[in-house]
Amino acid sequence: MRIGFTLNGGEVAVDALPMARLLDVLREDLRVTGTKEGCGEGECGACTVLIDGRAVNACLVPVVQVQGAAVTTVEGLAAPEGRLHPVQAAFLTHGGAQCGICTPGFLVAAAELLAHTPRPTRPQVREALAGNLCRCTGYQKIVDAVVEALATEAGA
Amino acid sequence: MITSHAPVHCPADLAEALALRAAHPEAMPLAGGTDVMVFVESGTLSPPAFLNLWGLAELRGVQADGDGLRLGALCTYTELEADARVQATAPALVEAARTVGAKQIQNRGTLAGNVANASPAGDSLPVLLALDAEVEVASVRGTRRIPMDALYTGYRKLALAPDELITAICLPARHPADVQYYRKVGTRLAQAISKVMLGGRLRIEGGVVTEARVAFGSVAAFPVRARTVEAALVGRPVDAAAADLVGADIKPIDDIRSTATYRLEVARRILQGWLAAVAAEGASSSR
Amino acid sequence: MLIGQDLIRADGPAKVTGQARYVDDVRPDGCLYGFTVRSPWAHARIDGIELDPDFDWTDITVCTAADIPGENVVALMTDDQPVLADGVVRHVAEPVALVAGPDRDRALAASHHVRVAYTPLTPLMDPEVSAGNAHRIFRDDNVYSRITVEHGEAERVLAETDTVITGTYRVGLQEQLYIEPQGMMAIPRADGGVTLFGSMQCPYYIVKALKRVLGHDDLNVVQAVTGGGFGGKEEYPSIVAAHAAVLALKAGRPVKLIYRRDDDLRATTKRHPAIMHYRVAVDRATGKLQAAHVKLLFDGGAYNTLSPVVNSRAVLHALGPYACPHVKVEGLMVATNTPPNGAFRGFGAPQVMFAAERHMDRIARELGRSPLELRRLNLYQDGDVTPSGQRLVDVGATQVLELALKEAEAGLPASGVPDRAGGGGAAARVAPGRGVAIAWHGCGFTGNGEAALKGQADVAIEGDRVVIYTASTDIGQGTDTIFPAIVAEVLGISVDRVANADHDTATVPDSGPTVASRTAMVVGGVVKQAAEKLLAALQAEVGAEGAFDDLLAQRKSAAPLRVRAQYRDDLGLVWDPATYRGDAYPTYGWACVIVDVDVDLDTGEVLYRRLVSATDVGKALNPVLCTGQLEGGALQGLGYATCEEVVLDDQGGMRNNRLTNYIIPTALDAPEMVTALVEIPFSGGPFGAKGIGEIPHDVPAAAVAQAIEAACGAVLDRLPMTPERVLAALQES
């Protein structure tokens, strides 16, 4: 089945089984591999992408359902000229990434939060990121990155 | 990964969806996919076809339904959490929605999907029972409403005809004398399957309970009302001791997430805790 | 000064933009996907392996033990574990056959059509009856390791002392749960050799293992960006690599073997479960420990892996950071027909330190003293002697305790505690409690392990850049950032001119494995030495002294200048592995963890509010990376405490082998953390640094147990402290 959608601002079209997971279409068909697989059952959040601005698990979305939709992956967070999204920059300075396998999912989930809640509190950040599992950081520096660096940015 | 090779029917509108449903009752309806995709990936479900409802505009949104609300079958948890009318009518349902998976699931999963999946641990189901919600189902033959209380007939079995689809969840208006409650005891604070859930509603008029709904999840083959407890509560001031009767209403089991002993004891305790809190609240406000 | 700065991690930009390449992100042309056929039985005879004649095998490669070109052995400590079971299986999920196909679905489908005929045999599942059992799993007695550490006359003093307090403590399995599952790719090279590329901690372990499996040494191992390890990718990747290589050589094409999460959870190594008996004599008047006899029993599973070393670390840490003049610790590691257990952050120490700290709480309870007071009375001080007879210097135990207590006084930040959806609101009945626990952790290998290993590192001038060659992998902990900072510091140049070479065994020397809290402390020291050597070599070459860049400008040759350094044993450690006497570790880290919890009195749930820690790290080479590791380890410790439970079926198979049911903490479950550092420099580490990788996991669980007891009186001596167990203990208390 031919399925067309917008990926990180550009139009793409793929021939895929309609029930193919969006995750596999991104990684295997389009070779856009920033989106990771950690569990395949919507628990770990490593495959988080935005569909029409909402964070979802790409392992749980059949590609037939993204026909005509706008998909954003970690590769699409930075500005076209390469300037990092504030949350990407904050992850660098605050140590939000360690092994990095969960990082793309966290960044996408955080980007959704910040789009709807520009100055989130720590509990709001924790609730918004609770669908992303990290085993390296204990989450402290991830929450720091999302809250504090953006507060600084907004105040600057 | 296991990719289903099954065909997917993609109706353009509800009428076509119902016609397809009638023609292909074996096709698995697909809304947000957050449950179905897990079953497919793990190999536990391999239906011969799917019926993709995701594009149906008729099934979206929240509408007034008399004094109550009609939540379209594609209404996601995130949408209902943000809806001021749902917040006012069913605060316990909003609370329950916030405990479903985490943000990514709430953004994609639907309330109707939770109802259709019919898991004993479906997070919203005890609240829907407690609120006397109704499930609107449609087929080429017409539309009808099934009370939540009559929806489940066995483990993951629904009282739907093979040609019927869930089209909405309907919530009655909130009575001013009602208090609602939701409690989820899960394996952790997010991304948790529940061990025990309690959905409750008490109507207290003149210091006396005039209507009681006490529903539990994860303690039986499907979410159930605790009718013995309900009966004991009605007709008198709120009495937390009614919680001790819960053993007559639920028969939990051991599984990999918890034990029957724990579930029964915790069901009793959280119900007792809620009733005691309501009683204390009533006592202080009547002073 | 670059050391002590929060330099941004070298791999950070690639990781935040999705450009970092993990093994599954790479797909060479013609790559096949592998899958492993595993035993459904704990113990069975294999009567035959047949391929379903009704399945289309045309594009599928199948391998069994008969296809292994060299020896059917996973070379590690002993040669007991086969690459593929041959004739008999000794644990559930043991690899029996391999398949590879053009895509994952085909490989998975094919695996269901490999028909293995088994005759099930009675398994031995209980470690308490394993040693000497007639049912033989390992050698003639099922004992992987038996170690006794003895100092003084423990038995005599115990017999003569009035107050002897006994307790038994149990801990279950714990999964490392790296978020990237195990994965390896084998690529046959045109020259007849094979390249292994994948997720790993220890490239040279794989070289050592595959030489035997392939029967030749024409292979190189390259680390891909690795999505977490925690010990789980120390020894296990040798098996994945062997499987990928055997398939790739038979197929003549690259083969990628990426574990599904359910497969990873069922098959791979976990933290050893243990049953730990403590008997401690104490002076009631002074509260001082007099003598201790500790018996530890660990379940190693069906193959040896690294279990003897786990037992070793366990016996050496079994008393916790407390002085006791007469000690006898006996550690026993046995075999059962369960999946083999292996390396996991802490390596035996988290098990025994839970027991040791809980036993201190028990002693305090029976003496009517506060747990904190009892600890203060007995904490190691400079000059105290450990059970192995090591005289301690620069002990940081008291410092970390007092600093943590001071930090904890600041009170709880109300803003940090989430409003809990579905938590019952005002109707929930909770009780707050605080627990304090203290850890010590030997840094690096035991005894003179480093002197025997002689880890190496190269540093080279290549153009105007400096390149570091080590086999030490960055698995998230930040080694690839730390090493360039060390070299740049020594050479006095900007850190962005220093790079790490790929961790490819074709080009890097054997620096030893990335384990045991040794990489920054030990290999970092070798790297520092290499940088100093490079400066000297450059000075010699140009015949002048001066700043690195001035010398570089004077250099006539454009050829790379590369030097090698090797671990130098100038600590003068004295250690006898036969008697377990002497200097067990080059130095020790010290840590105090204070946990504030709310115990839900109706449900037994333990909710974390805050975790304060203070840790002696010697020197924080990069504070953000350092505290990041400490925080991550602390949360793994909290998971160990209350939610991480491996539920086994009657064959020893993991029933909850999905992330839905093996429960690790989310951001909502995790507490706010305050992470304080103490820096007591270690002369043997670069710039004073000590190993920090493991110590944060050691005592969070003990602190939680004490906090639960403080909150509601429930006494728990078993991990994990699930709500079910807490509620039961609450009903008993």
Side-chain angles (χ1 to χ4, degrees), chain A residues 24 27-28 31-44 46 73-78 82 84-85 87-89 91-107 121-143, chain C residues 6 8-9 11-22 24-25 27 103 176-181 225-230 260-261 413 415-419 421 475-478 611 624-625 627-636 658-660 664-670 672-673 675:
Chain A
D24 297 319
R27 290 180 53 81
E28 302 294 334
R31 306 299 296 143
V32 178
T33 58
T35 305
K36 308 301 182 190
E37 175 164 9
C39 69
E41 55 172 340
E43 289 288 326
C44 75
T73 67
V74 68
E75 289 93 341
L77 291 182
L84 294 181
H85 184 286
V87 77
Q88 290 175 307
F91 262 55
L92 286 180
T93 50
H94 285 258
Q98 287 190 30
C99 85
I101 195 80
C102 71
T103 305
F106 270 100
L107 293 170
T121 63
R122 295 184 76 86
Q124 282 175 326
V125 172
R126 287 185 181 276
E127 183 164 348
L129 300 183
N132 297 80
L133 297 177
C134 170
R135 195 61 157 165
C136 291
T137 63
Y139 304 106
Q140 187 72 18
K141 296 197 189 308
I142 290 175
V143 177
Chain C
D6 290 333
I8 286 176
R9 51 183 313 136
D11 51 4
K15 284 178 173 174
V16 301
T17 54
Q19 301 307 310
R21 290 284 171 266
Y22 299 79
D24 200 19
D25 300 336
R27 190 179 68 191
D103 61 49
Q176 296 89 353
L177 212 85
Y178 31 74
I179 302 295
E180 179 206 29
V225 179
T226 296
F230 315 108
R260 286 169 57 101
R261 180 61 68 183
S415 66
V417 181
D419 152 45
I475 52 172
Q477 82 283 42
L611 182 144
V624 163
L625 295 181
T627 54
Q629 280 233 53
L630 296 174
E631 288 159 2
L635 189 61
Q636 263 183 341
R658 299 184 72 98
L659 292 197
T660 320
I664 67 167
T666 69
L668 269 181
D669 300 281
E672 287 291 330
M673 297 194 203
T675 306

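Residue numbers start from 1 in every chain, and the chains themselves are labelled A, B, ... in the order their sequence lines are given, proteins ahead of strands.
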How long is the gap from OG1 on C:T17 to CZ on A:F91, to the nearest 0.5 Å?
13.0 Å

Contact class of C:R21 relative to chain A, heavy atoms under 4.5 angstrom:
side chain

Under 4.5 Å, counting heavy-atom pairs only, tell me which of A:C102, A:C39, A:G95 racks up the most with chain C.
A:C39

Per-residue tally against chain C (heavy atom, under 4.5 Å) across A:G138, A:A128, A:C99 peaks at A:C99

With side chains defined as the heavy atoms from C-beta onward, is the minimum distance between C:D25 and A:R27 less than 4.5 Å?
yes

C:Q176 portion near chain A, given a 4.5 angstrom heavy-atom threshold
backbone

Rounded to the nearest 0.5 angstrom, the CZ-CD distance for C:R261 and A:E41 is 9.5 Å

Check A:G38 against C:P181 and note the closest heavy-atom contact, atom names and distance.
O-CG, 4.2 Å

Okay, C:T675 and chain A: the region with an atom under 4.5 Å from a heavy atom over there is neither

Portion of A:L77 that has a non-hydrogen atom of chain C nearer than 4.5 angstrom:
neither

Is chain C contacted by the side chain of A:A130, its backbone, both, or neither, given a heavy-atom distance below 4.5 Å?
both

Flag side-chain contact, heavy atom, 4.5 Å: C:Y178 against A:C136
no

Report yes if some heavy atom in the side chain of A:L92 is under 4.5 Å from a heavy atom in the side chain of C:P13; otherwise report no.
yes

Side chains of A:L133 and C:T666: does their closest heavy-atom pair fall under 4.5 Å?
yes

Counting only heavy atoms closer than 4.5 Å, note whether A:I142 contacts chain C via side chain, backbone, both or neither.
neither

The interface call for C:T660 against chain A, heavy-atom contacts under 4.5 Å, is both

Is C:A634 in contact with chain A via its backbone, its side chain, both, or neither, using a 4.5 Å heavy-atom distance?
neither

Which residue, C:K15, C:R9, C:Q477, forms the side chain to side chain contact (heavy atoms under 4.5 Å, CB included) with A:Q98?
C:R9

Would you mind checking which part of C:I475 comes under 4.5 Å of any heavy atom in chain A, side chain (CB onward), backbone (N, CA, C, O), both or neither?
backbone

At a heavy-atom separation under 4.5 Å, does C:D669 approach chain A through its side chain, its backbone, both, or neither?
neither

Ranked by heavy-atom pairs below 4.5 Å to chain A, first place among C:L630, C:D11, C:I664, C:V16 goes to C:V16

Could you grab the distance from atom CD1 of C:I8 to atom NE2 of A:H94, nearest 0.5 Å is fine?
10.0 Å

With distance as the sole criterion, is a donor-acceptor pair present between the side chains of A:Q140 and C:E672 under 3.5 Å?
yes

Most chain A-contacting option - heavy-atom pairs closer than 4.5 Å, from C:G12, C:G633, C:G18, C:G628
C:G628

Closer than 3.5 angstrom, by distance alone: can the side chain of C:Y22 be matched with the main-chain N or O of A:I101 as a donor-acceptor pair?
yes

Pairs touching residues 128-143 of chain A that satisfy salt bridge (Lys or Arg N to Asp or Glu O under 4.0 Å), sequence neighbours left out:
A:R135-C:E644, A:K141-C:E631

Nearest heavy-atom contact between A:Y139 and C:A670 is CD1-CB, 3.7 Å

If you round to the nearest 0.5 Å, how far is OG1 of A:T93 from CG of C:D6?
9.5 Å

Salt-bridged, A:E28 to C:R27, with N to O below 4.0 Å?
yes

